[in-house]
2 protein chains.
Amino acid sequence: MDRKPLVLVVEDEKDIARFIELELAAEGYQTEVAFDGVTGLSKFREVNPDLLILDLMLPVLDGLEVARRVRKTSNTPIIILTAKDSISDKVEGLDAGADDYLIKPFSIEELLARVRAHLRRVNPAVTGEVRVADLVMNLDGREVFRGGRRVELSAKEFELLELLARNPGKVFSRFEIEEKVWPEYTGGSNVVDVYIGYLRRKLEESGERRLIHTVRGVGYVLREE
Amino acid sequence: MDRKPLVLVVEDEKDIARFIELELAAEGYQTEVAFDGVTGLSKFREVNPDLLILDLMLPVLDGLEVARRVRKTSNTPIIILTAKDSISDKVEGLDAGADDYLIKPFSIEELLARVRAHLRRVNPAVTGEVRVADLVMNLDGREVFRGGRRVELSAKEFELLELLARNPGKVFSRFEIEEKVWPEYTGGSNVVDVYIGYLRRKLEESGERRLIHTVRGVGYVLREE
DNA sequence: GTGTTTCCTGAAGCACTTGTGAAGTTCTGC
DNA sequence: GCAGAACTTCACAAGTGCTTCAGGAAACAC
């Protein structure tokens, strides 16, 4: 999760593809390139990138169709980059599952800014922040805010919250949590429960919505309700 | 999130604000409007919208500053909508935390398509999902929805439903079910029947179509009828 | 060295889940 | 329409899982 973000560029004009690739590399991203729709789709499945930059007019398989198929199984942000500049093309592209739509000729600075904006949402490594609902965790600074209010956490509390907040909506069993946050311990106690209690007391002061939910018989999950 | 999404529009040109508001309402969104930066920010904190449409040139408090402050504590998508069309303005806006940047004059269709795209992302599509008819099981999150309504299940109920929902249309004998969901038990009781009853009571509230069907002399099956 | 905070344990109390047997209902074949 | 089988529902007891509390050891700050 904290490796360099990987961007896949699917673009049949090789000059443009190369240009984008170089600029992305200069920003510190890993890159992959494909020159037609079918190769793009299979490469997508192979490398599972953090973001996809997609031309619409592609040989073999249309870009729109690529977007739709990617969306069937993946949540990865898609930026469409194309010369087709009509409003209806834009609407169609966005409704096919794309997250952004940029017209050629484009400014590379704008493209890079948009790439940053989308990656920021998906990949905490980019900003060093994790955000869920009104909870903000600054991983570098080890700061936590709930709805603007600063919350002081101890080291273990922070680790536990980080695990949950990086995977919002996923239910973790006590065993999973213990393995990750208390790797040195052999279990047999209720540390996890106790620390969940600590977090709740600090994060869910009277009147605030519940963030950490108990799933009886299974474990705990952090999610907005 | 099953309610109508709420969009906050912060825009000082009242005609434009009104126009956007009407169009959003026509699409089925709830809307709120503010005409300057400070009001916008306090309204944001008050109503906690699902999406923010933000002008840059605002009285009292600059739009960029609003974006930054919102981002300090919130994850809500921000679409900047402005007449400032230079590349550096765009880069600055996106880096201030905005998710999208649209130039005035804009096409309302494009704005609406972008609103849809961003809202789609906030409501995260879950990976481990099983769908049968209007039943949705989120396996990672251990959540169950019937026709949008959330259904609370105990651990055993969930296991049983998961078995049936993973194999819609397949008839399971009581013996098969008992083997898989109650492997530790030696049988001889009517647990399966009782738990099917629990599920029915929760999943088939008055008026809803039957999901779990009895196959007399054989067992049970989950299917759409 | 003293005081404070963090970390972990064990135990008590409570609420919910689970499985059972029996009673009640529906279905089927004759 | 009846008898028996199959299925559903009910009420309850036992068990389990969760939360909280209090306390001691360890780490840290001053």
Side-chain angles (χ1 to χ4, degrees), chain A residues 142-144 150-164 171-206 208 210-223 225, chain B residues 142-144 150-164 171-206 208 210-223 225:
Chain A
R142 297 232 138 203
E143 286 178 313
V144 177
R150 197 201 155 103
V151 180
E152 299 285 347
L153 297 185
S154 77
K156 282 288 173 198
E157 290 165 0
F158 190 93
E159 272 185 78
L160 171 55
L161 183 60
E162 182 178 347
L163 174 66
L164 296 176
V171 177
F172 285 90
S173 70
R174 280 152 228 281
F175 181 72
E176 278 180 282
I177 295 176
E178 209 167 293
E179 262 195 333
K180 289 182 176 131
V181 184
W182 285 268
E184 64 279 21
Y185 283 86
T186 51
S189 89
N190 63 345
V191 226
V192 176
D193 307 53
V194 172
Y195 271 80
I196 290 284
Y198 291 161
L199 281 181
R200 281 183 174 150
R201 218 184 307 184
K202 293 185 176 182
L203 291 174
E204 301 165 0
E205 292 186 347
S206 56
E208 282 178 309
R210 172 144 277 208
L211 262 184
I212 302 176
H213 304 266
T214 306
V215 183
R216 184 170 241 261
V218 190
Y220 297 98
V221 57
L222 190 151
R223 84 172 126 231
E225 210 78 311
Chain B
R142 295 231 142 206
E143 288 178 303
V144 177
R150 197 198 158 107
V151 181
E152 300 283 348
L153 298 185
S154 78
K156 281 287 173 202
E157 290 164 1
F158 190 93
E159 271 186 78
L160 171 55
L161 182 60
E162 183 179 348
L163 174 66
L164 296 176
V171 179
F172 286 91
S173 70
R174 289 177 172 67
F175 180 71
E176 278 181 283
I177 294 176
E178 210 167 293
E179 261 196 333
K180 291 187 171 124
V181 184
W182 285 268
E184 63 280 23
Y185 284 86
T186 52
S189 89
N190 64 345
V191 227
V192 176
D193 306 55
V194 172
Y195 271 80
I196 290 284
Y198 290 161
L199 281 181
R200 281 182 172 152
R201 215 186 310 185
K202 292 185 175 180
L203 291 174
E204 302 166 0
E205 291 186 346
S206 55
E208 283 177 309
R210 172 143 279 207
L211 262 184
I212 302 175
H213 304 268
T214 307
V215 183
R216 186 165 245 262
V218 190
Y220 298 98
V221 57
L222 189 151
R223 86 171 124 233
E225 210 79 309

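These values consider heavy atoms only, across backbone and side chains, with no hydrogens, waters or symmetry-generated copies. As the structure is a computational prediction, the values presented were derived from the model and not from experiment. In what follows, chains carry the letters A, B, and so on, assigned in the order in which the sequence lines appear, proteins first and then strands, with residues in each chain numbered from 1.
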- Query: Taking N and O atoms by type only, does the side chain of A:Y198 place a donor or acceptor under 3.5 Å from a partner on the base of C:dC8?
  - Reply: yes
- Send over the distance from B:R200 CZ to D:dT9 P, rounded to a whole Å. 7 Å
- Query: In whole angstroms, how far is the P atom of C:dG19 from the CD atom of B:E157?
  - Reply: 11 Å
- Item | Atom pair CG (A:L153) and CG (A:L161), whose distance is rounded to the nearest 0.5 Å | 6.0 Å
- Message: If we ignore hydrogens and angles and just use 3.5 Å, is the side chain of B:E178 paired with the main-chain N or O of B:V191 as donor and acceptor?
- Response: no
- Message: Can you tell me which nucleotide in C:dG10, C:dT18, C:dC7 comes closest to the side chain of A:N190?
- Response: C:dG10
- Let me know the distance between CD of A:E178 and P of C:dC7, rounded to the nearest Å. 15 Å
- Message: Counting only side-chain heavy atoms from C-beta out, which of C:dG21, C:dC7, C:dT18 sits nearest to B:Y195?
- Response: C:dT18
- Message: How many whole angstroms separate atom NE2 of A:H213 from atom P of D:dT19?
- Response: 12 Å
- Salt-bridge criterion met for B:K202 and B:E152 (N-O under 4.0 Å): no
- Quickly work out the A:I212 CD1 to D:dT20 P distance and round it to whole Å. 12 Å
- Message: The side chain of A:R216 is closest to which nucleotide in this list: C:dC16, D:dC7, D:dT9?
- Response: C:dC16
- Message: Would B:R200 and B:T214 count as a side chain to side chain contact (heavy atoms under 4.5 Å, CB included) here? Give the steps.
- Response: CA-CA 11 Å; B:R200 281 182 172 152; B:T214 307; 2.7 Å; yes
- Task: Quick one: label B:V215 by what it contacts on the DNA or RNA (base, sugar-phosphate, nothing), any heavy atom closer than 4.0 Å.
- Result: sugar-phosphate
- Task: Please state how far atom OH in A:Y220 lies from atom C1' in D:dC18, giving the value in whole angstrom units.
- Result: 6 Å
- Using atom CG of B:L160 as one end and atom C1' of C:dT17 as the other, report the distance to the nearest whole Å. 15 Å
- Query: A:T214 side chain N/O closer than 4.0 Å to the phosphate oxygens (OP1, OP2) of D:dG17?
  - Reply: no
- Message: Distance check needed: C:dT5 P versus A:R201 CZ, whole Å only.
- Response: 14 Å
- Query: So does A:D193 reach the base of C:dT9 with its side chain, donor to acceptor, closer than 3.5 Å?
  - Reply: no
- Message: At less than 4.0 Å, is any side-chain N or O atom of A:S189 found next to OP1 or OP2 of C:dG10? Yes or no.
- Response: no
- Is there a side-chain polar atom (N or O) of A:R174 under 4.0 Å from OP1 or OP2 of D:dC18? yes
- Message: Counting neighbours of CZ on A:R201 that are heavy atoms of other residues, nucleotides or ligands and sit closer than 6.0 Å, is the number greater than 12?
- Response: no
